[in-house]
Amino acid sequence: MTTDRTPKLSRRTLLKAGAASLTGLASGGVFAAGSDKPEKEEIRLGFIPLTDCASVVMASVLGFDKKYGIKIVLSKESSWASVRDKLVNGELDAAHVLYGLLYGVQMGVGGAKKDMAVLMNLNHNGQAITLSNKVADKGGVDGASLAKLMQTDKRDYAFAQTFPTGTHAMWLYYWLASYGINPLKDAKVITVPPPQMVANMRVGNMDGFCVGEPWNHRAIVDGVGITAATTQDIWKDHPEKTLGTTLEWARKYPNSARALIAAVLEASKWIDAGLVNKTKMAATIADKAYVNTSVDVINQRILGRYQNGLGKTWDDPNCMKFYNDGSVNYPYLSDGMWFMTQHKRWGLLKAEPDYLGTATSVNQVGLYAEAAAMARVSVPKSPLRSVKMLDGTVWDGKHPKAYADAFKIKA
């Protein structure tokens, strides 16, 4: 069992953590053959049909990849399990992938154990929790009323997420627990691929689900569910999908990795530049080759225009963001550590992990900084950030063991 090093966190420790990624953990510390030329020019990149695949799709469609000497070959995948397996066995070079999935593979839970790499964060916010019309009709329309309904209308409740160690599972569990519902004892939790969520709710397979857009809005449009909460309600500007690969790939092809990060950064910057670009992006990714839905289902929430399916509408300034002046994309060590605290909380990790050591290995802060310089994107001063969660707790990455152990509702 490893120990929790993070309570001793100091400026020197953090500087060493960043330096580790610069001096071999990420790139081997040298440019291949003394040049910046990408070692692997054609990069096979997997994605799941979700709105937040937009930056990797647009990097290819708009030719930002060519600017950095690579060609992104997009591969539409059917499930997160498929993405995991293809990353691990090398069929994919990199992928649009759930943050928590990569950490699950790194820690040997949710699949075969392999050293993984988070190259950059792809988006903040923009997921949601949908409850079925059956639940809403009985008064369960938000966390508090759902908890009350489950106490008064006792039966077996089922909720769906997209991957056991993934972001949606963690948002769902955190949200339920914040209202006194133990997701492991008070309900059945099932795994359903994102594009299949609405169809499964339509036939009554679950009472609620957590997934990325556009599938929450699609549930409203199709008349099968209502939006009970957005994930930005749980954690404003939370990390979501990453540009992920294996550590082996990042070490073997550091120039290609930098070029890929820079290209996706350019696309991220382009998407968030304004209304016209967001509208064009929505029209592009709605195509059958990508998300395969109507443009309207995508563009409303991309623009922050929300409705809950019960007559309430609002403009959300914390909607899905891809760049936000560069604050979205930095792979904060504290973000990676947070997922490990939740994996520990819910019994996915049995032993106490080395929070800082693992995050330093996985999150390629040095490699990212080099790519960000290429794309003229600023980086933050610290690899940790502080956030206040839905339940009032503060996460800053400094005392992960104490944080993970303090929850009243856990495995």
Side-chain angles (χ1 to χ4, degrees), residues 50-52 80 98-100 123-150 157-184 186-202 204-241 297 300-301 304 306-310 312-314 316 318-320 342 346 389-391 409:
L50 289 160
T51 300
D52 52 31
W80 291 120
L98 296 163
Y99 216 128
N123 67 293
H124 281 170
N125 309 326
Q127 324 296 295
I129 293 170
T130 291
L131 295 177
S132 70
N133 284 347
K134 177 182 176 181
V135 169
D137 289 345
K138 291 189 175 183
V141 297
D142 56 21
S145 56
L146 174 66
K148 184 178 179 181
L149 177 66
M150 290 176 69
Y157 286 81
F159 298 94
Q161 39 75 21
T162 64
F163 192 80
T165 64
T167 52
H168 303 118
M170 297 306 107
W171 308 139
L172 177 66
Y173 291 1
Y174 204 102
W175 183 75
L176 290 170
S178 295
Y179 293 99
I181 302 167
N182 188 322
L184 304 184
D186 300 334
K188 177 184 177 184
V189 178
I190 60 175
T191 301
V192 176
Q196 298 175 25
M197 283 291 190
V198 176
N200 274 272
M201 180 167 277
R202 185 180 290 111
N205 286 346
M206 79 277 277
D207 296 288
F209 61 66
C210 183
V211 73
E213 297 300 345
W215 306 117
N216 300 285
H217 187 63
R218 181 66 182 266
I220 293 172
V221 171
D222 288 5
V224 301
I226 62 105
T227 294
T230 66
T231 50
Q232 51 266 32
D233 293 334
I234 301 169
W235 172 352
K236 177 188 170 184
D237 292 338
H238 67 77
E240 182 50 42
K241 305 304 187 300
V297 168
Q300 291 302 302
R301 291 191 173 187
Y306 278 76
Q307 56 176 291
N308 70 348
L310 295 168
K312 179 185 176 182
T313 61
W314 71 99
D316 192 339
N318 303 313
C319 59
M320 188 181 294
Q342 299 308 294
W346 300 116
M389 307 293 288
L390 170 70
D391 57 4
I409 296 180

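Numbering starts at 1 and runs along the sequence shown.
Using modelled atom types, one side-chain atom of Asn216 and one backbone atom of Val211 make a donor-acceptor pair closer than 3.5 Å. Side-chain N or O atoms of Thr167 include none that pairs as donor or acceptor with a backbone N or O of Tyr99 at under 3.5 Å. Counting only distance, with no hydrogens or angles, the side chain of Asn123 and the backbone of Lys241 share a donor-acceptor pair below 3.5 Å. Gln307 contributes no side-chain N or O that, together with a main-chain N or O of Gly309, makes up a donor-acceptor pair within less than 3.5 Å. Between the Ser145 side chain and the Gly139 main chain, a donor and an acceptor come within less than 3.5 Å of each other. Judged purely by atom type and a 3.5 angstrom limit, Asn125 uses its side chain to pair as donor or acceptor with the backbone of Asn318. A donor-acceptor pair under 3.5 Å is formed between the side chain of Asn308 and the backbone N or O of Leu310. Between the side chain of Gln342 and the main chain of Met170, no donor-acceptor pair closer than 3.5 Å is present.
Nearest heavy atoms, Asp52 versus Glu240: OD2-CG, 3.8 Å. Between Phe163 and Ala169, the closest heavy-atom pair is O-CB, 3.5 Å. Here the closest heavy-atom approach between residue His168 and residue Cys210 is recorded as CB-O, 3.4 Å. Closest heavy-atom contact between Thr227 and Ala128: CG2-CB, 4.3 Å. Between Ala219 and Val198 the shortest heavy-atom distance is N-CG2, 3.9 Å. Of all heavy-atom pairs between Gly140 and Leu131, the closest is O-CD1, 3.4 Å.
Two residues are said to be in side-chain contact when any heavy atoms from C-beta on lie closer than 4.5 Å; Leu146 and Phe159 meet this criterion. Annotation: side chain of Tyr157 is in contact with side chain of Leu149 (closest heavy-atom distance under 4.5 Å). Side-chain contact check for Thr130 versus Met201: some heavy-atom pair is nearer than 4.5 Å. Residues Thr231 and Trp175 have side chains not in contact (no heavy-atom distance under 4.5 Å, counting atoms from C-beta outward). Counting heavy atoms from C-beta on, the side chains of Pro195 and Trp215 come closer than 4.5 Å.
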Practice problem: Please test Phe209 against Val192 for side chain to side chain contact (heavy atoms under 4.5 Å, CB included), starting from the C-alpha separation and ending with a verdict. | Solution: CA-CA 9 Å; Phe209 61 66; Val192 176; over 6 Å; no
Quiz item: Where do Ile220 and Gln300 land on the side chain to side chain contact (heavy atoms under 4.5 Å, CB included) test, with the steps shown first?
Solution: CA-CA 12 Å; Ile220 293 172; Gln300 291 302 302; over 6 Å; no
Practice problem: Check the pair Thr230, Gln127 against side chain to side chain donor-acceptor pair (under 3.5 Å), reporting the backbone distance first and the verdict last. | Solution: CA-CA 6 Å; Thr230 66; Gln127 324 296 295; over 6 Å; no
Quiz item: Yes or no on side chain to side chain donor-acceptor pair (under 3.5 Å) for Asp142 and Tyr179, after CA distance, side-chain angles and deciding distance?
Solution: CA-CA 10 Å; Asp142 56 21; Tyr179 293 99; over 6 Å; no
Quiz item: Yes or no on side chain to side chain contact (heavy atoms under 4.5 Å, CB included) for Tyr174 and Asp391, after CA distance, side-chain angles and deciding distance?
Solution: CA-CA 9 Å; Tyr174 204 102; Asp391 57 4; 2.9 Å; yes
Exercise. Report the C-alpha separation of Met389 and Trp235 in whole Å, then their side-chain angles, then the decisive distance to 0.1 Å, and conclude whether the side chain to side chain contact (heavy atoms under 4.5 Å, CB included) test is met.
Key: CA-CA 5 Å; Met389 307 293 288; Trp235 172 352; 3.8 Å; yes
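Atom-to-atom distance recorded for Arg301:CZ and Cys319:SG is 11.0 Å, nearest 0.5 angstrom. Between the CD atom of Gln161 and the CH2 atom of Trp171 there is a distance of 13.5 Å, given to the nearest 0.5 Å. Note that CD1 of Ile409 and CD1 of Ile181 are 8.5 Å apart. Values are rounded to the nearest 0.5 Å. Here Met150 contributes atom CE and Asp207 contributes atom CG; the two are 8.0 Å apart, rounded to the nearest 0.5 Å. Taking CG of Asn205 as the reference point, atom CD of Gln196 lies at 10.5 Å (rounded to 0.5 Å). Here CG of Asp233 is found 9.5 Å from NE2 of His238. Values are rounded to the nearest 0.5 Å.
For the ring-ring contact (aromatic ring centres under 6.0 Å, His included) test, residues two or more places apart in sequence or in another chain that qualify with Tyr306 are Trp314.
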